[in-house]
S.K.: 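First, the structure itself, so that you have it in front of you.
In this chain, numbering begins with 1 at the start of the sequence shown.
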Amino acid sequence: MCDTAAMPDVTDNRAEYEFELVVGGHRAVAAYQMEGDTIVFTHTVVPPAIEGRGVGSKLIKAALDSARDRGLKVVPQCPFVRAYIERHPEYRSLVA
């Protein structure tokens, strides 16, 4: 696993409803839908070329931190997001 601190920042592409992280020309995304004050994470995609480097975890951490900062509740429909929250109990209070 590489140092995630050396990766670019995660951006919230609100026009596309995706948090995105581009690493080495490959784009990882965490797609979501907004339902009032709730953000529903529908799926996460990390290209095979950048898997195993902590890209997905950095992406989801930033997405959940953003949800917390914005006062949103979270619905983790995506299995990756659900598993991340299970491994990081500090985010459980966000779950709707």
S.K.: Between Arg92 (side chain only) and Glu86 (backbone N and O only), is there a donor and an acceptor less than 3.5 Å apart?
M.R.: yes
S.K.: Tell me, with the steps shown, if Leu64 and Arg68 meet side-chain contact (heavy atoms from CB on, under 4.5 Å).
M.R.: CA-CA 6 Å; Leu64 293 172; Arg68 177 182 285 144; over 6 Å; no
S.K.: Test Leu21 against every option in Asp9, Val10, Ile60 by the side chain to side chain contact (heavy atoms under 4.5 Å, CB included) rule and name the one that passes.
M.R.: Val10
S.K.: Under 4.5 Å between side-chain heavy atoms, counting indirect links through other Ile/Leu/Val/Met/Phe/Trp/Tyr residues: same cluster for Val95 and Val75 or not?
M.R.: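 In one cluster with Val95: Val75, no.
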S.K.: Please report the shortest heavy-atom distance between Tyr91 and Asp65, naming the atom on each side.
M.R.: OH-OD1, 2.6 Å
S.K.: Provide the closest heavy-atom pair for Lys73 versus Ala96 in the form atom of the first, atom of the second, distance.
M.R.: CB-CB, 3.9 Å
S.K.: In a table with atom names and distances, give each donor-acceptor pair under 3.5 Å that connects a side chain of residues 29-51 to protein atoms at least two apart or in another chain.
M.R.:
from	atom 1	to	atom 2	distance (Å)
Tyr32	OH	Asp12	OD1	2.6
Thr42	OG1	Ala31	O	3.4

S.K.: Answer yes or no: is there a donor N or O on one side and an acceptor on the other, between the side chain of Lys61 and the main chain of Gly56, under 3.5 Å?
M.R.: no
S.K.: Scan the side chains in residues 77-84 for donor-acceptor partners under 3.5 Å anywhere in the protein, sequence neighbours excluded, and list what turns up.
M.R.:
from	atom 1	to	atom 2	distance (Å)
Arg82	NH1	Pro76	O	2.7
Arg82	NH1	Gln77	O	3.4

